[in-house]
Amino acid sequence: MRGWWRDLTDLVLPGECGGCGEPRTVLCAKCREVLSGAVAHRVRPVPEPSGLPVVHAAARYADEVRATLLAHKERGALALAGPLGAALAGAVLAGLPGAGERTGSWPGAGGAWSRGVGAPVLLVPVPSGRRAVRARGHDPARRIALAAAGELRRSGVPARVLGVLRQRRAVADQSGLNSRQRLDNLAGALAVASGGARLLSDGLVVLVDDVMTTGASLAEAARAVRSAAGLVSNAAGTGAVYRGETWESREEQNVGSTRERTGRWPARQGITGAGGVGGVVDVVCAAVVAASPDSFEINRN
């Protein structure tokens with residue numbers, strides 16, 4: 001009930017802009033432009049953790065963007081999931097195979113998928129700890145991923161959220177830890193839930209999170225997915241997709257737009273540039289709403 005009530009009050013009675021505090025708006029036009037007005041960039045933390053997939057970010061984690069993400073995550077401004085999801089969707093598209101062949105703003109970039117070419121996109125969010133979810137009343141990355149999936153579908157890209165990652169042991173609070181300490185803290189902490197590995201066979205797996213600082217969380221998430229699928233890290237992509245109606249698909253309607261439910265996804269299509277054995281390939285990329293400013297400054301693309 002608490003989640004539904006917060007959603008309703010945020011939408012009906014917006015207090016102030018999550019980015020700058022302008023009254024009577026969820027997110028003002030200026031802050032929306034800072035969040036998702038620019039083209040998503042490839043980002044690389046320094047040092048770059050082993051096993052980190054290619055990561056794209058919509059914006060720098062600073063100023064209005066930082067305030068917006070914190071308002072959503074820590075203060076329960078749930079209506080911000082929509083614009084944050086739109087920004088994440090742009091970062092997802094930037095990392096997909098053939099992204100260099102698409103031009104223009106991202107909402108028109110789904111033409112290839114709308115014609116039935118390519119596999120469905122599967123967004124796999126990095127999970128928050130159970131204690132953090134209880135304290136906040138929601139899982140921020142998962143909520144943003146659900147909104148992003150809706151944006152992708154509206155652009156013609158078949159996309160779903162697959163929340164199969166779980167924390168299998170307690171981890172320390174990451175704040176205050178340096179990059180080496182974060183890697184040690186998260187090493188082996190994530191696993192694919194029971195029954196999840198069988199879903200990792202079709203489509204394109206894209207790991208998603210709200211923020212990347214050191215890359216430790218995304219690197220650990222990639223390790224867990226690859227381990228569950230019996231994969232060896234390479235430069236290609238693997239996928240996962242739900243078959244039929246699930247609780248996850250019903251929840252997506254609460255965050256994004258209503259979709260037509262056919263009860264099944266299209267058969268797997270060929271993926272240009274993807275490799276692997278028996279059609280099973282690696283994590284294709286990762287995407288975040290924002291990344292540390294330093295990760296934008298190093299031009300090693």
Side-chain angles (χ1 to χ4, degrees), residues 18-19 26-44 53-69 72-73 79-114 118-126 140-161 203-212 215 218 237 252 255-257 259 283-293 295-296 299 301:
V26 172
L27 193 66
C28 71
K30 177 183 176 181
C31 290
R32 285 179 186 268
E33 180 68 18
V34 174
L35 178 63
S36 56
V39 176
H41 288 271
R42 184 176 178 182
V43 289
R44 294 181 176 180
V54 172
V55 184
H56 284 79
R60 288 169 169 79
Y61 186 59
D63 303 325
E64 297 96 334
V65 173
R66 181 177 183 274
T68 301
L69 283 161
H72 176 261
K73 177 183 285 188
L80 290 170
L84 290 171
L88 179 61
V92 170
L93 280 174
L96 291 178
E101 302 169 6
R102 297 190 291 269
T103 60
S105 59
W106 79 262
W113 279 270
S114 67
V121 176
L122 209 296
L123 306 183
V124 179
V126 176
R142 187 171 179 277
R143 183 176 289 272
I144 294 170
L146 289 166
E151 292 287 342
L152 290 168
R153 289 194 299 273
R154 286 191 288 276
S155 77
V157 178
R160 290 291 310 279
V161 174
L204 299 171
V205 163
V206 179
L207 300 174
V208 295
D209 206 351
D210 54 354
V211 179
M212 183 190 75
L218 288 171
E252 284 187 38
V255 181
S257 63
R259 69 175 178 88
V283 177
V284 72
C285 64
V288 295
V289 176
S292 59
S295 65
F296 282 82
N299 185 11
N301 296 338

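Since the structure is predicted, the reported quantities are computational estimates derived from the model, not experimental observations.
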Yes or no on side chain to side chain contact (heavy atoms under 4.5 Å, CB included) for V205 and V284, after CA distance, side-chain angles and deciding distance? CA-CA 6 Å; V205 163; V284 72; 5.7 Å; no
Nearest 0.5 Å, please: how far is [atom2] in [Y] from [atom1] in [X]?
X    : Y    : atom1 : atom2 : value
M212 : R44  : CE    : CZ    : 10.5 Å
K73  : L80  : NZ    : CG    : 13.5 Å
D209 : L123 : CG    : CG    : 12.0 Å
I144 : H72  : CD1   : NE2   : 4.5 Å

Going by heavy atoms in the side chains, are [X] and [Y] under 4.5 Å from each other?
X    : Y    : value
V208 : V206 : yes
V211 : V288 : no
V289 : L35  : yes
D210 : L84  : no

Minimum heavy-atom separation for [X] to [Y], with atom names?
X    : Y    : result
P83  : A79  : CD-O, 3.6 Å
A290 : R60  : CB-C, 4.1 Å
A159 : R153 : O-NH1, 3.0 Å
L27  : G19  : CD1-N, 3.8 Å
A59  : V65  : CB-CG2, 3.8 Å
A291 : A57  : CB-CB, 3.9 Å

Could you check whether R154 pairs with E151 (Lys NZ or Arg NE/NH1/NH2 to Asp/Glu carboxylate O, under 4.0 Å)?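 Salt bridge present between R154 and E151.
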